Trainee: 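Before anything else, here's the structure in question.
Being a predicted model, the structure only gives us computed values, none of them experimental. Remember, it's 1-based here, ligands and their atoms both numbered in the order they're listed.
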Amino acid sequence: MSRKVLSVLLATAMTASLLVGCGGTAAAPAADAAATEEAAPADEAAPAEDAAPAEDAAPAADEATAGKKVGVAMPTKDLQRWNQDGSNMQEQLEAAGYEVDLQYASNDVQTQVSQIENMINGGCDVLVIASIDGESLGTVLETAKAAEIPVIAYDRLIMNTDAVSYYATFDNYMVGTKQGQYIIDTLDLDNAEGPFNMEITGGDPGDNNAKYFYNGAMDLLKPYIESGKIVVKSGQVDFEQVATASWATENAQSRMENILSSNYADGTNLDIALCSNDSTALGVENALAANYKGNYPIITGQDCDVANVKNMIDGKQSMSIFKDTRTLAAQVVKMVGQILKGETVDVNDTTTYDNGKGVVPSFLCEPVFADINNYKEILIDSGYYTEADLQ
Ligand code: BGC
């Protein structure tokens, strides 16, 4: 292929990826949850040429970026969203002319550390890391720093290291406030008499995001707990008590089964299940299906995983939060280019995310409320899923 043809193709492809920056709407293929830990095949990529009109063309990859290698470390293929994050990153980075080393670590910290070591030794120019445990990468990232390899923390902040240059995520606190506000509005908590019974299911304590989700929701709901309008019958309110190791559906399910049999077996209604994300909401929904006879509660979630959107359609989950992984990937691809070209890197938050060694300049994408009323518009019309995915 001639250099000119290549650069036109790259320019078109880059335009497509830039256009899906936070808030953009370009279509991407619907992704399926994969059952294995192998990297998603690149050939699922959408034809980037179709995604954007030519007049918006961005500059082609130039010498500062062409042929550079980007290591992308993802936590696991077990949860749907990371499959989408990984394949979107790979697709968009390759479209922009980068070589990509995409790895999934089966939620095993040591595996992720080795994968990052290999990326460093294999000549990656930039590392993009969605950590399994934010506290466990300090040592390996010292090596990255010594080799002058910039690190972008992807979705989850990496803690207690000064080797992280930037952080790109969704506004994690806002995810929690959207869940909390939904509960307040749906039950009309300021006017309704109550009391309402609530149980809380949080995320993985090793994931820095988990506390932001919890705090966002609890900052809004705590006053109602304090006034007695919301009652947590299990007494488990603190983050440590409600956390779910590895965000695993089975862990959330067995904890909720215990709570239901100890506190709700006599027919007492559970009115609210505040769940930080969809994998934990699924566990709660499974527990309710097996062990609960009262009125069905409000259940919150996050990610719009296929199983949970299906449950929303079936009336088994009330809401979720849509985090368009295409937009996060586009933002990170942009950051990678800006870093390699020595340009100013786009950030929109320089105060919130202190990782223990200082505030990491961050770009926060906006999470979007999703429920039965708008899922078609945000998930299907935008090309995130097809109708068939949700059947
Ligand atoms: C992500 C959530 C996700 C959770 C479990 C968090 O770090 O921000 O979107 O549900 O991990 O994978």
Trainee: Which heavy atom of the protein is the closest neighbour of atom 12 (O) of ligand 1, given with residue, atom name and distance?
Mentor: Trp82 NE1, 2.9 Å
Trainee: With distance as the sole criterion, is a donor-acceptor pair present between the side chains of Arg326 and Ser382 under 3.5 Å?
Mentor: yes
Trainee: Is any side-chain N of the basic residue among Glu240 and Lys211 closer than 4.0 Å to the acidic one's carboxylate O?
Mentor: yes
Trainee: Considering the heavy atoms of Asn277, write down every atom of ligand 1 situated less than 4.0 Å from one of them.
Mentor: 3 (C), 4 (C), 5 (C), 10 (O)
Trainee: Out of all atoms in ligand 1, which are within 4.0 Å of some heavy atom of Leu79? Include the element for each.
Mentor: 5 (C), 12 (O)
Trainee: Is there a nitrogen or oxygen of Asn172 sitting under 3.5 Å from a nitrogen or oxygen of ligand 1?
Mentor: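 N/O-N/O distance under 3.5 Å: no.
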Trainee: Using a strict cut-off of 4.0 Å, indicate which atoms of ligand 1 neighbour a heavy atom of Lys323.
Mentor: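 Those atoms are 1 (C), 2 (C), 8 (O), 9 (O).
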Trainee: For atom 4 (C) of ligand 1, find the nearest protein heavy atom and state the residue, atom name and distance (0.1 Å precision).
Mentor: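 The answer is Trp247 CE2, 3.5 Å.
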Trainee: May I ask you to identify the nearest protein heavy atom to atom 10 (O) of ligand 1, giving residue, atom name and distance to one decimal place in Å?
Mentor: Asp303 OD2, 2.4 Å
Trainee: Are side-chain N/O atoms of Tyr264 and Glu199 paired as donor and acceptor at under 3.5 Å?
Mentor: yes
Trainee: Could you tell me whether the side chain of Thr280 reaches within less than 4.5 Å of the side chain of Thr249, counting heavy atoms only?
Mentor: no
Trainee: List every atom of ligand 1 that sits less than 4.0 Å from any heavy atom of Phe213, numbering the atoms from 1 in the order shown and giving each element.
Mentor: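 Near Phe213, meaning under 4.0 Å from one of its heavy atoms, ligand 1 has 8 (O).
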Trainee: When you measure from the centre of the six-membered ring of Tyr98, is the NZ or CZ of Lys68 under 6.0 Å away and within 45° of the axis?
Mentor: no
Trainee: What protein heavy atom is closest to atom 1 (C) of ligand 1, reported as residue, atom name and distance in Å?
Mentor: Asp155 OD2, 3.2 Å
Trainee: Side chains of Asn88 and Thr325: is there a donor and an acceptor less than 3.5 Å apart?
Mentor: yes
Trainee: Which of the atoms of ligand 1 are close to Asp207, meaning less than 4.0 Å from one of its heavy atoms?
Mentor: 6 (C), 7 (O), 11 (O)
Trainee: If we set the cut-off at 4.0 Å for heavy atoms, which region of Tyr212 has an atom near ligand 1: side chain, backbone, both, or neither?
Mentor: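 No part of Tyr212 comes within reach of ligand 1.
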Trainee: Run the salt-bridge test on Lys69 and Asp101 with the 4.0 Å N-O cut-off and return the result as yes or no.
Mentor: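 Between Asp101 and Lys69 there is no salt bridge, as every charged N stays at least 4.0 Å from the carboxylate O atoms.
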Trainee: Which part of Phe170 is near ligand 1, with near meaning a heavy atom under 4.0 Å away: side chain, backbone, both or neither?
Mentor: neither
Trainee: Numbering the atoms of ligand 1 from 1, which are under 4.0 Å from a heavy atom of Arg156?
Mentor: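 Going through ligand 1 atom by atom, the ones under 4.0 Å from Arg156 are 4 (C), 5 (C), 6 (C), 7 (O), 11 (O), 12 (O).
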Trainee: Might you confirm whether atom NZ of Lys229 has over 12 heavy atoms from other residues, nucleotides or ligands at distances under 6.0 Å?
Mentor: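 For Lys229, atom NZ is crowded (more than 12 foreign heavy atoms under 6.0 Å).
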Trainee: Mind checking whether Ser279 has an N or O less than 3.5 Å away from an N or O of ligand 1?
Mentor: no
Trainee: Does Asp155 pair with Arg81 as a salt bridge, N-O distance under 4.0 Å?
Mentor: yes
